[in-house]
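Step one of this worksheet: look at the structure below.
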Number of protein chains: 4
Amino acid sequence: MENKLQTAINFASDNVAGVSPAILEAIAACNAGAATPYGGDEYTARVERQFCELFERDVSVFLVPTGTAANSLCLSVMSPPWGTIFCHPGSHINNDECGAPEFYTNGAKLIAIDGPAAKIDAEKLASASKLKRGDVHATQPHAVSITQATEIGSVYTLEEISTISKVCKESSMRLHMDGARFANALVSLDCTPAEMTWKAGVDALSFGATKNGVLGAEAIILFDQNLAAEMGYRRKRAGHLFSKMRFLSAQMDAYLQDELWLKNAQHANTMAQRLANGLRQISCIELIGNTQSNIIFCRLPKTMTTALLSEGYVFLHDRWEAGVARFVTSFSSTAAEVDQLLASMTCIHTQQKKEFA
Amino acid sequence: MENKLQTAINFASDNVAGVSPAILEAIAACNAGAATPYGGDEYTARVERQFCELFERDVSVFLVPTGTAANSLCLSVMSPPWGTIFCHPGSHINNDECGAPEFYTNGAKLIAIDGPAAKIDAEKLASASKLKRGDVHATQPHAVSITQATEIGSVYTLEEISTISKVCKESSMRLHMDGARFANALVSLDCTPAEMTWKAGVDALSFGATKNGVLGAEAIILFDQNLAAEMGYRRKRAGHLFSKMRFLSAQMDAYLQDELWLKNAQHANTMAQRLANGLRQISCIELIGNTQSNIIFCRLPKTMTTALLSEGYVFLHDRWEAGVARFVTSFSSTAAEVDQLLASMTCIHTQQKKEFA
Amino acid sequence: MENKLQTAINFASDNVAGVSPAILEAIAACNAGAATPYGGDEYTARVERQFCELFERDVSVFLVPTGTAANSLCLSVMSPPWGTIFCHPGSHINNDECGAPEFYTNGAKLIAIDGPAAKIDAEKLASASKLKRGDVHATQPHAVSITQATEIGSVYTLEEISTISKVCKESSMRLHMDGARFANALVSLDCTPAEMTWKAGVDALSFGATKNGVLGAEAIILFDQNLAAEMGYRRKRAGHLFSKMRFLSAQMDAYLQDELWLKNAQHANTMAQRLANGLRQISCIELIGNTQSNIIFCRLPKTMTTALLSEGYVFLHDRWEAGVARFVTSFSSTAAEVDQLLASMTCIHTQQKKEFA
Amino acid sequence: MENKLQTAINFASDNVAGVSPAILEAIAACNAGAATPYGGDEYTARVERQFCELFERDVSVFLVPTGTAANSLCLSVMSPPWGTIFCHPGSHINNDECGAPEFYTNGAKLIAIDGPAAKIDAEKLASASKLKRGDVHATQPHAVSITQATEIGSVYTLEEISTISKVCKESSMRLHMDGARFANALVSLDCTPAEMTWKAGVDALSFGATKNGVLGAEAIILFDQNLAAEMGYRRKRAGHLFSKMRFLSAQMDAYLQDELWLKNAQHANTMAQRLANGLRQISCIELIGNTQSNIIFCRLPKTMTTALLSEGYVFLHDRWEAGVARFVTSFSSTAAEVDQLLASMTCIHTQQKKEFA
């Protein structure tokens with residue numbers, strides 16, 4: 001079957017990309033022979049060891065196929081049904097999962113704490129977490145979820161994570177990190193996985209991989225081992241325990257091997273920087289925020305948007321705010337694609353200036 | 001990584017098998033270029049058309065990665081939280097999903113209706129479905145779930161399905177078919193998919209593929225289109241909507257192409273028949289039930305079980321009843337493996353007879 | 001047992017009051033003999049008829065003991081688990097029920113729509129209800145809940161209710177009214193129960209009674225009969241179906257007889273007006289908002305608050321905002337109590353002025 | 001309103017009875033003045049002390065209006081959503097609560113363990129509780145619920161409770177007692193409340209009162225204080241926290257005062273014995289089981305049932321089994337009523353014998 005979209009240049013999301021060749025090879029390679037189902041295989045054991053090494057400590061690992069599953073399962077062991085889960089108003093768990101956290105937690109309440117650059121303001125969080133403690137009429141603070149990198153591509157500094165973690169500890173809340181773009185944030189900060197997580201106070205992590213070159217595999221990483229006991233039951237009960245688990249594990253195994261995950265993320269981030277640098281040269285386009293990972297938000301003239309779409313470029317626009325467009329790069333974005341987009345933009349800009357002159 | 005189990009002969013389950021080569025090729029083939037995420041791609045559209053053709057009518061199709069997800073999501077649109085779902089006591093939804101149906105339905109009640117050969121007795125079902133109708137103190141009959149082929153490998157005849165469906169209609173219940181081994185049942189009955197489902201009164205089907213050579217993909221098939229409206233939300237909310245959906249769809253596409261699914265199932269069934277025929281020749285082994293699909297239950301002398309295990313054969317035993325063993329064949333089982341097992345059994349039998357003589 | 005609080009003047013809430021004598025008499029009067037349990041009794045039948053007359057049409061009536069139960073059960077038949085329920089940020093369902101709506105709806109999402117005087121802004125509601133319709137990644141608008149009278153004592157006009165109802169109809173949402181203080185709003189508007197509910201587009205009503213002189217009984221009134229079919233199961237399943245239902249019904253019966261409910265509410269509102277009028281005369285106190293029912297918010301000097309508390313007055317303060325106090329009158333508040341409070345305030349004010357002079 | 005049923009002799013259930021006069025007096029007596037809502041009042045504090053004295057130790061007490069609420073809330077703190085709760089097939093939680101335990105536990109699985117006289121067989125329980133421990137595919141044993149007195153009026157001996165409790169402890173399960181007819185069982189065994197509960201290993205008790213002369217109040221008694229922390233939130237979230245709590249507490253207070261609860265239960269049991277003794281004299285009636293509390297099951301000739309109904313007697317029949325009738329006595333049953341029923345039966349029996357002679 002031919003893929004019409006194949007020829008279009010697509011910056012709609014990092015999930016429009018395919019899969020890194022090494023991942024596909026790993027899937028094929030693990031196919032030989034029989035394997036114990038449900039995670040009793042060697043690949044899964046190896047992935048568990050890899051994560052322990054990666055995070056420089058014992059961690060509990062549970063593979064699942066989607067980020068929504070990873071986030072919701074994490075939250076379900078961090079908050080009882082009468083718990084409050086604090087998150088940013090723009091967070092994926094709040095906006096884009098059709099109430100999955102509420103489903104998995106059996107009705108916990110997400111309360112949005114605003115803050116600049118899609119990051120939770122720690123002071124506001126501290127205030128909110130102190131309200132109505134012990135009052136049976138109110139849901140009780142149990143968890144905080146931060147997204148790293150955020151939904152707009154910004155990145156929490158290690159200090160910012162630690163500050164939020166301190167607020168959590170003061171109020172006996174647990175800290176979850178939605179790491180759908182964990183690798184993009186990590187290479188942006190140039191720190192270790194340990195530093196960006198448990199050393200900064202994170203209790204549970206959705207370790208994303210799918211957006212960064214994997215077919216469909218994410219890892220729930222629990223640093224607080226107390227949370228692990230019930231996770232196996234919750235995962236099975238949600239239908240997220242694969243019988244042929246080796247094929248999830250082989251994906252993650254290949255993703256972690258030879259720093260593929262870091263290379264993919266570094267490439268995506270570099271492409272985003274390349275695009276940002278180019279956009280700064282086009283006077284009718286206004287970049288929004290810094291470009292810290294692989295997502296760029298900018299303001300485009302309506303005529304520019306229309307022209308780009310008619311040329312076949314794929315990207316999201318006018319979804320968050322009129323006139324605002326989003327471009328996302330991925331491991332598979334090429335410099336040629338970025339340059340072609342920039343060339344088209346420059347050309348459109350020049351032509352439109354002439355028309356209005 | 002070498003796979004130790006690779007060399008062992010494994011009849012533990014059809015989920016210990018790997019993936020059909022054509023499926024792996026399809027996954028690789030669909031990787032080129034970008035694709036609209038979440039099922040907006042061409043592969044998904046094609047799979048939907050294929051299922052309409054296969055079932056000779058319009059159907060709603062929702063791909064999910066696991067059978068537990070397929071079953072639970074089906075049941076969640078067939079029963080309200082205060083509903084009763086009738087199933088066989090030995091059914092997967094009742095025993096092996098850690099309460100997933102209860103989770104997805106928000107607390108519906110599974111009530112077991114017994115019957116020979118792991119099949120629901122229609123008369124008992126009819127009696128049970130008439131109790132306490134309209135009584136607010138009791139959960140109300142809303143759905144019946146049958147497994148085809150059953151957990152012990154038996155197969156409902158078309159007439160048996162129709163009889164149960166008639167009971168359903170008389171009591172305004174909907175009928176679900178857990179088709180984790182749908183293909184094995186279909187080739188056993190030698191009928192059409194339409195005949196085994198909606199023509200016999202089935203409203204919703206978990207169309208299994210994973211156990212029959214697919215990596216991890218199952219299709220929810222809704223014949224009752226009224227059930228479809230909410231399924232998209234339920235699937236997303238459960239974390240079962242894949243962003244890179246084309247890779248699920250490509251698996252299912254390849255599975256349905258060139259009757260791979262039927263060939264795989266036919267092979268597995270044939271291997272089971274070959275094994276059954278051999279077992280009948282060994283006097284110390286007692287076959288249980290007929291061999292209608294790819295599962296064989298039999299009674300083995302304890303010494304036989306021990307000897308087989310020590311020779312490295314992998315199979316489940318003493319789990320359902322002391323002395324009872326289960327052998328499951330799959331698309332990847334070979335005649336040589338079956339024959340080797342039979343040879344070992346015969347040899348052990350002969351040797352043990354001598355010892356006791 | 002003597003009741004120490006008996007002698008204190010208590011404006012903390014209308015739920016600190018006891019029960020109207022006629023209600024107690026009705027409870028005692030219905031005690032004679034046996035009665036069919038679970039609502040099969042004559043008192044319950046009579047209450048159902050009374051509500052049909054009161055609302056000038058057929059309605060479905062379900063008695064429950066608490067307002068939280070009434071609200072949550074109403075919402076549970078108006079929104080699926082993946083539904084959005086719009087409400088004011090200050091609403092009881094959002095703040096004071098420990099997530100009961102989320103529990104009863106199995107995880108629906110409450111989204112707050114702001115507006116002045118604790119009333120939802122219809123335009124903001126209209127905008128919010130149009131977002132992401134049909135997008136499986138987002139919970140879908142299904143219901144709107146307004147509180148009449150609101151949590152701060154303000155009252156939606158009939159026109160305001162109709163405007164919100166129109167927004168609901170345009171977006172296929174249902175409209176719920178939390179009428180914990182229904183009677184207080186009704187006498188304030190001086191309209192009929194029909195006008196304030198279904199004639200203005202309300203689909204389901206929590207008809208409050210407990211705060212207005214009843215021991216513990218609220219009525220779920222369903223104008224949309226489609227919502228009624230499942231309510232009986234939901235109520236039982238939640239443990240809110242009384243076996244000795246006649247004692248709930250007798251309370252409601254007496255509440256509705258001889259306009260006791262309207263008289264009680266009129267009295268409470270009149271006492272609030274009396275208090276408001278007095279507060280306006282004390283220069284250091286600032287009334288907040290109009291006094292439309294039986295709740296008054298005002299700003300008190302800290303010294304005034306301290307002095308009143310030390311004199312034994314009971315009222316809530318510094319809970320919503322520093323310096324803000326709330327006074328709630330009820331059917332049992334007396335003019336003498338109001339006057340005594342005002343006299344104390346005046347005295348404290350005068351004395352403090354002297355001290356600062 | 002006159003009560004037509006008043007004149008009929010009603011043995012349908014103990015919940016058709018009204019309320020003990022002392023309970024009504026207590027409700028009226030506590031009405032004076034204001035009281036802190038939601039259980040902050042003196043009556044509630046006193047009831048808590050009373051229960052500590054009654055059970056000779058510290059207990060946590062949570063009042064709720066119905067038995068279904070008490071049972072479900074107890075179970076919700078004893079079992080996670082993936083837990084198994086063992087109960088007798090004939091138990092109220094399994095049959096008569098429309099899935100309330102499943103709702104409150106968010107989907108735990110009730111597994112029925114049979115046994116004679118409506119009592120769980122401890123050996124079968126022990127076997128069942130050992131299956132699939134730690135297997136993520138199966139719900140895990142967490143709680144056992146026994147009913148004392150049972151739904152057919154039988155009573156567990158202290159030894160039987162201890163034996164079940166021992167099984168619980170061996171499998172780390174908690175033990176719940178549904179004491180809807182706690183008092184009837186207690187006077188039957190002639191032991192202390194402590195002996196029948198925590199001394200025998202009970203962790204949580206639904207202390208019934210409504211069926212024994214109270215209007216609508218039950219107490220959740222937690223002996224395992226670890227279970228108490230979350231109960232307040234769960235009760236509120238379920239809408240079972242009364243604002244005017246004093247009126248629940250006053251009922252329970254009066255119920256416990258002067259041994260009213262024991263006197264009421266003793267009377268009901270005595271009336272049942274009187275009825276049983278009489279039934280034994282009528283040759284066409286066959287008593288089923290011993291009469292240990294206030295419930296009698298017996299076999300009646302169809303003609304007898306018809307004749308009694310036509311004379312206006314109210315009782316349940318042909319509900320459990322054709323030809324089986326149930327008679328339930330209560331605190332308000334009188335010796336005259338029992339004797340009148342027996343006289344009618346004797347008369348019908350004599351007449352019918354003549355007709356057939």
Side-chain angles (χ1 to χ4, degrees), chain A residues 1 3-10 12-13 15-19 21 24 27-38 41-43 46 64-73 97-100 103-104 210-211 215-216 233 236-244 246-248 253 314 332, chain B residues 1 3-10 12-13 15-19 21 24 27-38 41-43 46 64-73 97-100 103-104 210-211 215-216 233 236-244 246-248 253 314 332:
Chain A
M1 179 161 54
N3 190 336
K4 281 182 200 164
L5 289 172
Q6 200 169 322
T7 51
I9 295 184
N10 193 319
S13 177
N15 60 28
V16 304
V19 176
L24 286 181
I27 289 173
C30 83
N31 191 38
T36 306
Y38 301 115
D41 62 283
E42 297 181 32
Y43 298 90
R46 190 154 88 159
V64 293
T66 70
T68 294
N71 286 340
S72 298
L73 283 167
E97 303 186 349
C98 198
F103 176 42
Y104 276 80
T210 307
K211 286 181 196 293
L215 189 157
Y233 301 105
K236 171 61 198 174
R237 181 175 178 74
H240 284 295
L241 177 62
F242 271 51
S243 57
K244 298 184 176 175
R246 58 172 146 168
F247 293 99
L248 276 199
D253 183 35
V314 185
S332 69
Chain B
M1 177 160 58
N3 190 335
K4 281 181 198 164
L5 288 173
Q6 198 169 323
T7 51
I9 295 184
N10 193 319
S13 177
N15 61 27
V16 304
V19 176
L24 287 181
I27 290 173
C30 84
N31 192 37
T36 306
Y38 301 115
D41 63 282
E42 296 181 33
Y43 298 89
R46 190 153 91 160
V64 293
T66 70
T68 295
N71 287 340
S72 299
L73 283 167
E97 302 186 350
C98 198
F103 176 43
Y104 277 79
T210 307
K211 288 181 195 294
L215 190 156
Y233 301 106
K236 172 61 198 175
R237 181 176 178 75
H240 284 295
L241 178 62
F242 271 50
S243 56
K244 297 185 176 175
R246 59 171 147 169
F247 293 99
L248 275 197
D253 183 35
V314 184
S332 71

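This structure is a prediction, so every number in the text was calculated from the model and none was measured. Chain identifiers are assigned alphabetically (A, B, ...) following the order of the sequence lines, protein sequences preceding nucleic acid strands; residue numbering begins at 1 within each chain. The figures here come from the full heavy-atom set of this structure, side chains too, leaving out hydrogens, waters and symmetry mates.
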Check: B:F103 and A:F103 side chains under 4.5 Å, non-hydrogen atoms: yes

Top of B:P21, B:A28, B:G239 for chain A proximity - count of heavy-atom pairs under 4.5 angstrom: B:G239

Heavy-atom closest pair, residues A:K244 and B:N15: CG-O, 3.7 Å

Residues A:T68 and B:K236: side-chain donor-acceptor under 3.5 angstrom: yes

Among the listed options A:G67, A:G99, A:A70, A:G216, the residue most often paired with chain B at heavy-atom distances under 4.5 Å: A:G99

A:Y104 portion near chain B, given a 4.5 angstrom heavy-atom threshold: both

Between B:P37, B:A12, B:S332, B:G18, the one whose heavy-atom pairs under 4.5 Å with chain A are most numerous: B:G18

Which portion of B:T210 sits near chain A, non-hydrogen atoms under 4.5 angstrom: both

Spacing of A:L248 atom CG and A:H240 atom NE2 [to the nearest 0.5 Å]: 11.0 Å

Contacting region of B:L215 [heavy-atom separation from chain A under 4.5 Å]: both

Contacting region of A:L241 [heavy-atom separation from chain B under 4.5 Å]: backbone

Residue pair A:V314 / A:V16, side-chain heavy-atom distance below 4.5 Å: no

Proximal component of B:A238, with respect to chain A [non-hydrogen, under 4.5 Å]: both

Any residue meeting side chain to side chain donor-acceptor pair (under 3.5 Å) with B:T66, in chain and number order, not counting sequence neighbours: none

